[in-house]
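In each ligand, atom 1 is the first atom listed, and ligand 1 is the first ligand listed. Worth knowing before you read on, the calculation uses all heavy atoms, side chains too, and leaves out hydrogens, waters and symmetry mates.
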Amino acid sequence: MNRFGYIILIALSAEVLLNTIADIFNLKMLQNEVPEEFQGTYDADQYRKSQEYLRVNTQFGWWATSFNLMVVLVFWFSGGFSLLDEWVRAFGFFPIVNGMLYIGILIVLHTGLSQPFSIYATFVIEERFGFNKTTWRTYLLDLIKGLLLSILLGGPLLAGILAFFEFSGDNAWIYCWIVAVVYMLIMFFIAPTWIMPLFNKFDPLEEGELKSAILSYAADIQFPLKNVGVMDGSKRSAKSNAFFTGFGKNKRIVLFDTLIAQHAVPEIVAVVAHEMGHYKKKHILQGLLIGIIQGGFMFYLLSFFISNRGLFDTFYMEHISVYAGLIFFGMLYAPVGFFVGLLTQMRVRANEYEADRYAVNTTLKPDAMIQALKKLSVDNLSNLLAHPFHVFLNDSHPPVLKRIEAIKEIGLEG
Ligand SMILES: [Zn+2]
């Protein structure tokens, strides 16, 4: 065991420990009384159910995390990384093919081992709380399509990265970064038209009150919106949502069919306005730019460690290789990624407040926004009283009560 081993081991345990503490704080926050703001929206039974949902998911999370940690440690300390390497090398392929095999097998193993948890979450937990609409057929098709897409889309990118680090010397990290950025932009453009339709059906929103309300709002804020889509979210879950896709002329807003079914027109317009707020305030572009900068930083660091003998010794590896270096660096980078993630989440949460503010200032209907948030929370059994430490570590959205409070303050300012 050398210093790399200690860093990785401490990082792995620290993350589990911090998350467990945050979970315990979170569960301690639960109260029997429905918060005042939600009296009348949440009935006592439904509220109890939301707390049970949180308890069940938290405990399930602990099982899944412990299992994952155990698998990684057993594989690591029984020399699994090296055994797999020897096995792959025995075929006598080129290093890049070896790398694709090595990383591919690790991904398949990981996917396979996580299936029981994923199946339990979908067909037992979500089912018990009335959310699950996924059939076994959909579940299996999703899994197969997901794996095929990773091979088809991820394979060439991985081959490129392996080849650059294998053959292009000190500047490899810059080439990898450029290729990864181009790849990310291409994905961003093709996802709405080529990838998402593989998983869901998208229809144009039918003519009527809702469509005219959305289009007239878009015209008010000079938002060139031509297309409102409806996605069959109900194929998998009763939970509801809305999102924005595309760039330039391909911009479109997509509403889950479940959202349309459960909300009044002004509430849906408020949700749409919130999504447009993300767009108008350039949050999407901001996220993309930050991703690009983080990618560069990561590839730069990677170039220092990818063939570090000490790092390979930690994992009992005889041979140094680019592909195994990628995996080990990923584990070494985890603590850095953790802190970078915390900062990113903070920005994402601040953006939520900004998008709410935009929606209220442009629709001038704070009550519709508040009503939409309340209904979404109740329908999705969201936790109303998340502990600040839990929010800080995990959440991409501020707690709903905080958002409602912030919206009310906008109302007072006029
Ligand atoms: Zn948002």
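- At a cut-off of 2.8 Å, Glu275 does not coordinate the Zn ion (ligand 1) through any N, O or S atom.
- Figure legend: Lys145 and Phe199 shown as a cation-pi pair, the cationic atom lying under 6.0 angstrom from the six-membered ring centre and within 45 degrees of its axis.
- When distances from the Zn ion (ligand 1) to the N, O or S atoms of Glu352 are compared, OE1 comes out shortest.
- Under a cut-off of 6.0 angstrom, the local environment of CE in Met346 is sparse, with at most 12 non-hydrogen atoms contributed by other residues, nucleotides or ligands.
- Between Phe38 and Tyr47, the distance from one ring center to the other does not fall under 6.0 angstrom.
- The Zn ion (ligand 1) has no N, O or S atom of His397 under 2.8 Å away, backbone or side chain.
- Remark: aromatic rings of Tyr300 and Trp177 are distant, center separation not under 6.0 Å.
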